[in-house]
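Following: one structure in structure tokens, then a few remarks.
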Amino acid sequence: MTRVGGCIMFLAFSVLTAYAYAQDKLAPSGDKVVEIKIENLQFVPGDISVTPGTKVRWINLDAVDHDVTSGDTITGRKARGLTKTKFPDGNFSSGLFGKNGTFSTTLDTPGEYPYYCNVHPFMTGVVNVVASDKP
Ligand SMILES: [Cu+2]
């Protein structure tokens, strides 16, 4: 290797190292992401527990559009005769997203966050935000 070549290699290594360091700085330590898949008209897993500040990301693997709306629904036999069966609580609402689309939200306050899909109200899930490391 020539001396110039070695210098260029060293420079490239330095720049890459600095870049990696800068990238690392952008993501605060403890920045966690948990993914929930939407597949076959189901949220998978449908019930998860995360620590406060975790980013929860839903990814739609179905060919049809879905959304993620926090709140509760009443479905099936229990819904008969009811004029209102969806009860959004306003914590989060994704709007429709299609195949391979994602929606993310970060929940900082411990609690139970039920959610559903507006198009398919039988699709429900819950995110439990618990302060402990071991839910
Ligand atoms: Cu849906």
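Both counts, for ligands and for their atoms, begin at 1 and track the order of listing. Since we're looking at a predicted model, the values are computed, not measured. Counting from 1, the numbers follow the sequence of the chain as shown. Hydrogens, waters and symmetry mates are skipped; everything else that's a heavy atom, side chains included, is used.
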Near the Cu ion (ligand 1), which protein N/O/S atoms fall under 2.8 Å? His66 ND1, Cys117 SG, His120 ND1

Would you check if there is a donor-acceptor pair between the side chains of Asp89 and Ser70 at a distance under 3.5 Å? yes

So, Asn128 versus Asp47: side-chain donor-acceptor pair below 3.5 Å or not? yes

Walk me through whether Thr124 and Val126 qualify under side chain to side chain contact (heavy atoms under 4.5 Å, CB included). CA-CA 7 Å; Thr124 61; Val126 62; over 6 Å; no

Please verify the inter-ring angle class for Tyr113 with Phe92; under 30° counts as parallel, over 60° as perpendicular, anything in between as tilted. tilted

Other than Val119, which residues form its hydrophobic cluster under the rule that side-chain heavy atoms must be closer than 4.5 Å? Leu96

Within the 4.5 Å heavy-atom criterion, are Lys99 and Asp62 side-chain neighbours or not? no

